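Below: the structure, in structure tokens.
As a basis for the values below, the full set of heavy atoms in this structure was taken, side chains included, without hydrogen atoms, waters or symmetry mates. Just so it is clear, the model here is predicted, and its values are computed rather than measured. All residue numbers in this chain count up from 1 along the given sequence.
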Amino acid sequence: MKRRAWLTLGAVVLGGGGVVTYAVASPSSDPGAAGRAKRPAKVYDLALKGGTGDKRELPRTDTERFSMLGVSWTGAAKRLDGTAQVRTRSLDTGQWSAWQDLELNVDPLENPGVGVRGASEPLWVGPSDGMQVQVIRKNGTSGSALPKGLEVNLVDPGVVTDAETKAGGTAAEPAAFVADESPGATASAPTDSAAPSDGTTAAPTDGQTTTSPTATDTTPAATDSVPPSAPASPTDSVSPSDSASPTDSVSPSSSTSSSAPPSAPPSTVPEPPIVSRADWGADESISPEAPEYNADVKAVFVHHTDGANDYSCADSPSIIRSIYAYHVQVSGWKDIGYNFLVDKCGTIFEGRKGGVDLPVFGAHTYGWNREAAGVAVLGDYTTTSATSATLASVARLAAWKLGQYGADPAGTTQLTAGASQHNYFSTDFTAGSKYTFQRISGHRDGYNTQCPGGLLYDQLPTIRTWASGPVQGLKVSSVDGAGLSGSTYYTKGGITVRWTATTPASLISKFELLVDGKSVATTSGTATSAGVTLALGSHTVAVRAVHQSGKTATSAALTVVAETTAPTFTTNPKLSLRSGTVSTSAIPVTLGWKATDDKALREVKLLSPTTATFGPTTTTTSNRTAKSGAATTWSMRAYDYAGNYRTSSPSYTPVILQETAATKSGSWTTRSSTSYLGGQSYSSGSKGASLTWTFTGRSAAWVVSRAASSGQAYVYVDGTKISTVDLKSSTTLYRQAIWTKTWSSSAKHTIKIVVVGTSGRPTVTTDSLVYIK
């Protein structure tokens, strides 16, 4: 026989006289719970004191460990019109936090059970061992004072998994939570419970009991009546349960809830991964009532839970266990209010029991629970946007649930109001009437609250778009193995197409690579590239994304030309002499070539004797220097945009012919200086004196020395006078190539220079003749 689960209630008397009541959840009837349980979740309460009806407080008080807290009071239908603030002391650092507001604008209660209390939204504060509370009635309000039975309710989520044990510390039972193992037994007060640190007492001041309510055993009949007190105006974000009734409202025109599970219809999209109640450590013994079911799910309402956003995602199960314990053991609900919860890492958790694939009747959005599911994002999104991982998971979850009933997540639907009220935007609703809602709506669309926070609300259009499809922002980011010229890619055949999309990969079924409109490769939705070998010719290439809904999106088509024809050197690289200063190691030359391609020339590279890269201009020259007397290979390679290339590697040798190698005519004087090539030169001022060189080559340059007194000379090529060269220079210059001549091919040539005998400056000083062979 299985051991029956129970809830143990007890009381601890603080040293100053305050009474702490607590509830200890026994191990669940779930067979796996015993192996998981390291320290069960616990709830305990401290009564607030105060001398008037306008304020209740509790000074700084030492407590056992807790991670979530809220304020509750006697009478579920009673509204707390004022403020409730808390400060907590970190268990890790010992530091006190700043004052934090508790959200009091909870969805109204409908026909609450006997044990149901009014309550604020719970606030996750992380592991703490001290707190301070103050509740103040709103100034100038009329009517009764603050509600009776005000308590601060502390929740220790316990430690369930081995990973949580390692992260959260020891699994030993805190002293203040000792409970008898017998069903229904009451724990005796421990002897080491801490008293308030300032010596004050925490005893109730209004005569109300501080015992935490038990879960209701039966479900009161739900009606559409409006609670006696109207909802308070919103102050900030709303947390865990945004509907405070354990049974919620029933729309007059909708079908009534049923405890018999309906069949689970298949969805049009895959079910996302969901952490089960068992895996996040739900103690099923504290919520024994059977779930109720709606007829279908027409809409999904998005909430946030309030509290800090800096929680670790490893703490998400603890946060959810705390919300669960608060809803059941503080507020007295039958179960956690939300159908699902999502953390900032995008992990989806099962909320209210009954089957994730069934239309479980939740308690999350006042007046609209009969035809909707509720998903809450852990954290506060009033001033912070939700992460992309969170948005993607909410989109996947909403698409799956709505897909079970053939609903487009980006569409609208008609919901029947279960209560007369108005929402955050002052839209009035009348019970029994139909109103249009987005299939994915925010809590504030149905009730007067800021939930799910302004920034998360602004992200709902993104969630709808991601959930519905098609894939957004699809574009090709690059084409590897191809070069782009203008708007056309060129390749030798094999390419890898890479793409990006703004829709998360978890919502994408697959990608297809299209060539000329036909699918040639299929990848998973997480892929970002695909390869293909193209046949020769021009093609259109695109990427098609298939959303999980089946809707498709196709990127802009690209033109890709496959070709294997290499570029051509219509003029092979050629070397010619140019003017400049000459030395044996650096003779000034010009490198010239002409390259072309049948499609698109990309670049030409000089590979040796040095390296350089030139653009796609078909005819180009580049000034270089060459070493005298050495045969040098000038290797160049022309590339097209497809990656085809052709190489040309001619060899050239620059040669210096000294003046002594020339045939002399007339009077010439030898001059010696290290400034001359070879250490000497010839000089003459005699009119008609000449020097003649004969060589076989394709380019020649006459090298001279220049000065202010230098004269002129005639230059003859192969017996024909072609130039008069003036050597005069304002500054003295040595080894100057002053005249050059290049032919289309190598041949035997004769160069003769003749002294003109210029008046007043007849001298001509010749150093050498340089030619290229």
Side-chain angles (χ1 to χ4, degrees), residues 28 30 107 110 113 215-216 218-222 240-251 254-267 271-280 282-284 286-303 305 320-321 323-324 327-328 331 333-342 348-377 393-394 396-407 413 415-416 418 439-441 443 446:
S28 171
D30 172 16
D107 292 44
E110 295 199 21
T216 56
T218 59
T219 303
S241 172
D242 297 307
S243 170
S245 169
T247 58
D248 201 54
S249 60
V250 179
S251 303
S254 64
S255 61
T256 59
S257 62
S258 171
S259 59
S263 60
S267 181
E271 176 184 347
I274 300 174
V275 177
S276 69
R277 288 169 65 92
D279 285 338
W280 58 255
D283 183 354
E284 302 297 359
I286 69 172
S287 57
E289 290 189 57
E292 298 176 75
Y293 297 93
N294 294 328
D296 56 13
V297 175
K298 294 180 179 178
V300 173
F301 282 97
V302 178
H303 305 256
T305 64
I320 295 170
R321 286 198 305 274
I323 296 172
Y324 174 46
H327 284 184
V328 174
S331 298
W333 298 359
K334 64 184 293 180
D335 196 351
I336 192 170
Y338 304 120
N339 297 103
F340 301 95
L341 301 97
V342 179
I348 304 172
F349 298 86
E350 178 184 7
R352 181 162 286 209
K353 65 186 173 186
V356 294
D357 57 348
L358 297 176
V360 177
F361 181 35
H364 47 83
T365 311
Y366 175 65
W368 310 104
N369 293 301
R370 180 54 56 206
E371 300 172 305
V375 54
V377 178
S393 290
V394 173
R396 294 180 70 188
L397 179 64
W400 172 63
K401 287 305 295 180
L402 294 171
Q404 289 185 288
Y405 304 96
T413 186
L415 300 181
T416 302
R439 292 281 189 181
I440 300 176
S441 288
H443 185 192

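Distance alone, capped at 3.5 Å, is enough to place a donor-acceptor pair between the D335 side chain and the K353 backbone. Side chain of S393 to backbone of I348: no donor-acceptor contact under 3.5 angstrom is found. Under a 3.5 Å cut-off, the side chain of H327 and the backbone N or O of G337 do form a donor-acceptor pair. Not one N or O on the side chain of R439 forms a donor-acceptor pair closer than 3.5 Å with the backbone of A299. Put simply, the side chain of W280 never gets that close to the backbone of R321: no donor and acceptor are under 3.5 Å apart. Between the side chain of N369 and the main chain of F361, no donor-acceptor pair closer than 3.5 Å is present.
Residues I274 and F349 share a closest heavy-atom pair of CG2-C, 4.0 Å. The shortest heavy-atom contact between Y293 and P261 is CE1-CA, 3.6 Å. Annotation for A398 and I440: closest pair CB-CD1, 3.6 Å, computed over non-hydrogen atoms.
Contact of the V375 side chain with the K401 side chain is not registered, since no non-hydrogen atoms from C-beta on lie closer than 4.5 Å. Proximity of W400 to V300: side-chain heavy atoms (C-beta onward) are nowhere separated by under 4.5 Å. Side-chain atoms of P359 and D296, non-hydrogen and from C-beta on, never get closer than 4.5 Å to each other.
By the side chain to side chain contact (heavy atoms under 4.5 Å, CB included) test, A399 pairs with V269, P409, A467, Q548, sequence neighbours left out. Here P265 pairs with Q404, Y405 under the side chain to side chain contact (heavy atoms under 4.5 Å, CB included) rule; sequence neighbours left out. K298 pairs by the salt bridge (charged side-chain N to carboxylate O under 4.0 Å, His left out) definition with E371, not counting sequence neighbours.
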Intermediate values then yes/no, side chain to side chain contact (heavy atoms under 4.5 Å, CB included), H364 and R352: CA-CA 10 Å; H364 47 83; R352 181 162 286 209; over 6 Å; no

Checking T365 against H303 for the side-chain hydrogen bond (donor to acceptor under 3.5 Å, both in side chains) test, could you report, in this order, the C-alpha distance in whole Å, the side-chain angles of both residues, the deciding distance, and whether it holds? CA-CA 9 Å; T365 311; H303 305 256; 3.1 Å; yes

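In this model, a donor atom of one side chain and an acceptor atom of the other lie less than 3.5 Å apart for N294 and R370.
The line from OG of S331 to CD1 of I336 is 11.5 Å long, rounded to the nearest 0.5 Å. Atoms OH and CD1, from Y324 and I286 in turn, are 4.0 Å apart once rounded to the nearest 0.5 Å. In this structure, OG1 on T305 lies 7.5 Å from CG on L341, to the nearest 0.5 angstrom.
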